[in-house]
Each structure stands twice: as structure tokens, then as C-alpha cells.
Amino acid sequence: MDTFNNMKNSLLMLALAASTATFGQAKQAKSTVYVVKADSIKAHVQPTMYGIFFEDINMAADGGVYAELVKNRSFEFYTNLMGWTERQKDGGKGSVKLVDRKDERPENPHFVTLDVTAGTYGLNNEGFRGMGIKQGETYSFSVMARQHADSKIKLTVELVDAKGAVFGHGELSPDETNWKRYNVKFAATATVQKASLNLWAKNSGSIDLDMISLFPEHTWKNRPGGLRADLVQKLYDLHPGFLRFPGGCIVEGRDLANRYQWKKSIGDIDKRENIINRWNTEFKHRLTSDYYQTFGLGFMEYFMTAEDIGAEPLPILNCGMACQFNTGQLAPMDQLDPYLQDALDLIEFANGGPETKWGKLRADLGHPKPFNLKLMGVGNEQWGEQYIERWKVFEKAIKSKYPYMKLVSSVGPDPDGSKFDFLNATLRGFHADILDEHYYRAPQWFLDNVKRYDKYDRKGPKIFAGEYAAQSVATGSPENKNNWQCAMSEAAFMTGLERNADVVNMASYAPLFAHVDGWQWTPDLIWFDNLTSYATPNYYVQQLYSVNKGTDVVPVTLNNQAVTGQNGTFSSAVLDGKTHELVIKIINTTKTVQQTSFVVKGTKGLKATGTVTTLQSNNLDAVNSLTGDAVSPKKQSIAIAANNIKLSLKPYSFNVIRVKLN
Ligand code: AHR
């Protein structure tokens, strides 16, 4: 019996040795000893710690996660027929006329009239960068139409590929001389990355058309007119603590007329006033003349998405200031009321009961349950005295009506310098709740600043690292890449966020999404085309932190010092009170293998096996792409002897160790 047991144990040891081959080398060389004190809790990690920054930049919403396939569906672009071209067949003749009914429908002033004089005449819509269509999927076409008296126009919808081959079609017979929505569903018989849509009108006569729309039936949670399921899934997989929306500079607008106004983003989609997207003309090198905001993804959708993915909603509202990188237009202090009222009403919309005006509207829109809003941003990336003046008005009014609200306040676009210093000191003087710091900096900055929060006032405002990303070339450069060097430097820096979780309560990489054919800003967390998407190395870093955030920070030290770059390593550790595990994160930023040993003190012992998840590449320039991942997490088992975790750190690696405590 004993011999059998011994044999079994030897086999087990062999199996473990095989499965931990990479990490087993630690025995061969002298290890650097790190010490973890598992019984010395330094801070609690907030559930909000790692979240998502969403902004409609890079075609993130229209042309992206908002699954509408028709561009300029309501003819509201400045060039009203942008995206549309006339088509004829079977000797077709006709014309298209743009009609303006501004006085009657100021929020949706334009529609078109098709006059058909012979054969079959129609329009083609090119989609945002084409339309991504999947074989076997059902598509839902809809249109608002109005036949003119005596017209009996029939409509045919076709999906066509670049050569004009039809691979899906439906028919409609509008039968009213008043506006009415018509709908037809049909399946696609091919997968096409850049399809377009033909809308044919047959029989002589005239017909008015508006809100011409095509959606896949399969959307996130299969909501009609909803969001791209693959993209929201990627957000869900981040297990985010919060969802910040709708931006970013989009909150501010280039001018106040083009700021984001949440009240115009809810209710019937044909009543949501379209505006130009402020990223349309922002970068001369990346002009995107067809970039508008339909608000099909509006505040109701943002709140519901936050709920779906288990994230706290964090709306950021305009405080009477347009983007200070653009016009910097200001709402005069005696005309701030509409801005302030928007903020107060939003809280009622999110949390109010059915007896309240805005709470009732939320219920009428299909969500009687409150969204439990607790966080709100006052302005996006504002600065200067003018911000403080406006911030004070918002802070006073919101806090006196809703004392439970925690407000996020801007400390400007940079993590240092005069704008930052002024706001940081002033807002701390006013006991602001949460300061929103932004840093788009070189990878080296992230390594050099890992101790940034070590000296922050523990009794002062909490920190929201609201926008950050390592820039491989320069801030805003179109050459920036989501490469492994940047992702690894962010991972190293994030040990500093985690070690200081008592001060840093929230963090989010920015921007979030980018269409490979429609972006303005790089780097971005998730890239997509019309059919698929991929996660960057930076995404995996965020994900590994988020799913391993644990509940309590414990110290990990090297020679009694926090691990902030000694030997090119960076480390932090947490306990996960829910699973009774110790989680250690360690980054090796050097090009050599490092033998390490983590001696865990203050615990009765560790389980004999744990796991290590590693992100690694020998190539700092490695990037992921639509055709595959060069850098993605690899998980392995490791054998643990007593209270000592031995690990051989690969060059340029981010490692997350998880082990159960006895
Ligand atoms: O993330 C891109 C932009 O960077 C955001 O809109 C703005 O807040 C920041 O300047």
C-alpha cells in the first residue's frame, strides 16, 4: 500500500514538474526573495477599482457598438445625402429630393422624397465603412414612409456585395399617406465585410422616406435596435467596476451647441436630435467627415449596459464649458441653470420613483427599477478659474439635494504642471470627493511614476485615474501602437494603483474602442472591423487586474521596500476574501529571466498548488491584430512548497499568481 502511495506521489510530482516546466527553473539559480505579509492588510480594494471609459471617438458608438448599419439614416448630416447614392434599374427614372420641415420637427428636420417616373429607381447606402453582414443571420430593415396621394410605390430592400451580387432581400408595400413605420426581416446568404444596401422603389409616384434603418436581429441581449453583441461581450469580460460615459471631450463639444445633452438622447430614436461628432474634424491627419452622433446609443442604453455588465454607472456631464482645446466657450454664470438642471434631473431620472417626473419617464421607457446612481462627473477635462466657479455651483446644488452623490472633479488634461497644481490644490481645499487624473504619457513615464500615489494625502479626495494609456510615439500621434512595451509599462504602473487602493478608488484605460477603418486616436483598448474585434495586450492587462483585484491589499516587499522597479521588477499583492486566496502580481520589465521566490508570512500555510497567468513577449513591439493575438494570457499550475512560491519570471512578463490560503 505504502509503495503504491509513494508511486502515486512520485507520479504527481512528475506531473506537476511537467506542467510547471517554465517556472520550475527557479531551483537552478539563486532566487531573489520577495516577502508577502498576508496578515497585514493595508487597504481595501473598492469594487469600482478597475472600470471602463467609454467615448464615441474612433466610431465607437455610431459605426461601432451601436449596431445600426445605415449611415445617415435620417438625412441630418451637413451634406444631407452623404452615404447615399442614386440607383436605377429596368430603365428606371426618378429623382431624390431633400425636404426640410424644421418648424414642424426641429429635432429631426429632414427627410427625402423619391419621385419615380419609370421602372425601378432607388438609393444605395454605403454603411459606415461598408456594412458587416453575416451569413445565416437575420436582419431587420425598417423605414418611416408616407405615400403621396395616388402613389402605390412598392419598396424592395437588398443586401449587395462590392460586385452588386444580391445576398439578402425583403419587400414592403407602404399603404398609408401618413407617416408610418414599416419593417421587414430577412436572412443573409453570405458573409460580407463591406456590403451595402439598396432600397428600390417600383411603380410611378412619390414617397417620403425617413429613418431608414438596418439592424442585425442578434444584438447584445437580442434587444431590437441594440448593441453589437461581440463588442459588449468584450466589455462584460473585463468585469468592470464602473462604466464612465459618454466621454471624454464629447461631453463638452467643440462648442456648447454641440455638447452632449442627455435629455436629447432618450426616448424614440427619431426624436433624438443628431449632431456632428466633435472628432469629425479634430485631427487634420484623420479627418472623418461622415462622423455624426445619432444618439441611438443614448443615456438609457448606457445605464442599461452598465447594469448588464455589472458596472456602476458614471455619467460625466457638461458644466457649462465647451472643450478648452477648441472654442472653450463658456455658459455665463447667470445662465448656468439649464446645465445644472440637467445634472439634477439626471439623478432623478436614474434614481427617482414613479411619482417623480424623471423617474416616471425612466419607468415608461421600460426600466421601473432605479439604476442606483451614486457617481457623477462635473465636466470632463476642464481647467482654470472658470471651472472652479462652475464646479462650486454644481457641487452645492447637487450635494444639498442628493448628499449621497459622490462627485468626480477634473484636475485638467495633465498629471502635473500649472493647470493640475491649481485644480489639485483648490479642489482639495474644497474637500472634493474624487479627482479625475489623466495621463497619456510615454511608457517610461509609467515606470517612473509607480510611486506617484505613495505620498498622497490619505485623508484627502479619492483618486480616479480616469484616462490613461502609454503612448509608444507621442501623445496623440497617429503612429502610436498598442504594443507590448506600452501594455507592460501600464501593468507595472498599476501595481502602484493597487498598492495605494486606499486613495485610488477607480481607474480606466482610454480610449476604449476604435474601428480599424474609422479611427482618429490611437492607442485604444479594443479594435474592431465590421464583423469582428480583437483585444490588445493593454486589454489583457486591464482584464488581469480586474478579475484579480481581490478585496484587500497586503504588502509585498524586497529588502523591506515596496517593489517599485528594483531589478526591473514591480509587484503588488492582494487577498481575495471571497475565495480565500492570495494574489500576487509581478512584472519583469527586463530582458532576462529572473528567479524569484515569494515567502508568504502571516498565514497558516498555502495550498500545494496554485496558478500563474502570464502575459509575455520577447518582442516589446508585439501587437495583436484581427488575424490573431501575439500577446494573450497563458495560465499554468504551479507547485508550492510550504510558504514559498518559486517562480521563474520570463523576460518582459506580467505574472499573476493565485494560491489558496490554508
Ligand atoms: O481619450 C481621448 C481624449 O483625451 C478624451 O476625449 C479627452 O478627455 C482627453 O483629452
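First listed ligand is number 1; within each ligand, the first listed atom is number 1.
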### Task
May I ask you to identify the nearest protein heavy atom to atom 10 (O) of ligand 1, giving residue, atom name and distance to one decimal place in Å?
Glu381 OE1, 2.7 Å

### Message
When you compare the side chain of Phe654 with that of Trp484, does any pair of heavy atoms fall below 4.5 Å?
### Response
yes

### Query
At under 4.0 Å between heavy atoms, which part of Trp279 makes contact with ligand 1: side chain, backbone, both or neither?
side chain

### Task
For the pair Arg272 and Glu301, find out whether any cationic side-chain nitrogen is under 4.0 Å from an anionic carboxylate oxygen.
yes

### Message
Heavy-atom contact check, 4.0 Å cutoff: does Pro511 meet ligand 1?
### Response
yes

### Task
State plainly whether the residues Arg452 and Asp416 are in salt-bridge range, i.e. N to O under 4.0 Å.
no

### Query
What residue and atom, counting heavy atoms only, is the protein's closest point to atom 6 (O) of ligand 1, and at what distance?
Glu55 OE1, 2.6 Å

#### Entry: Ring-face cation of Arg244 near Phe299 (centre distance under 6.0 Å, axis angle within 45°)
no

### Task
Provide the closest heavy-atom pair for Trp383 versus Pro413 in the form atom of the first, atom of the second, distance.
CE3-CD, 3.5 Å

### Task
Give yes if a backbone or side-chain nitrogen or oxygen of Gly248 is under 3.5 Å from a nitrogen or oxygen of ligand 1, and no if not.
no

### Task
May I ask you to check if Arg286 and Trp519 form a cation-pi contact, with NZ or CZ under 6.0 angstrom from the six-membered ring centre and within 45° of the axis?
yes

### Query
For atom 1 (O) of ligand 1, what is the nearest protein heavy atom, given as residue, atom name and distance?
Tyr440 OH, 2.8 Å

### Task
Considering only non-hydrogen protein atoms, determine which one is nearest to atom 8 (O) of ligand 1 and report residue, atom name and distance to 0.1 Å.
Glu467 OE2, 2.7 Å

### Residue part near ligand 1, for Asn380, under 4.0 Å between non-hydrogen atoms
side chain

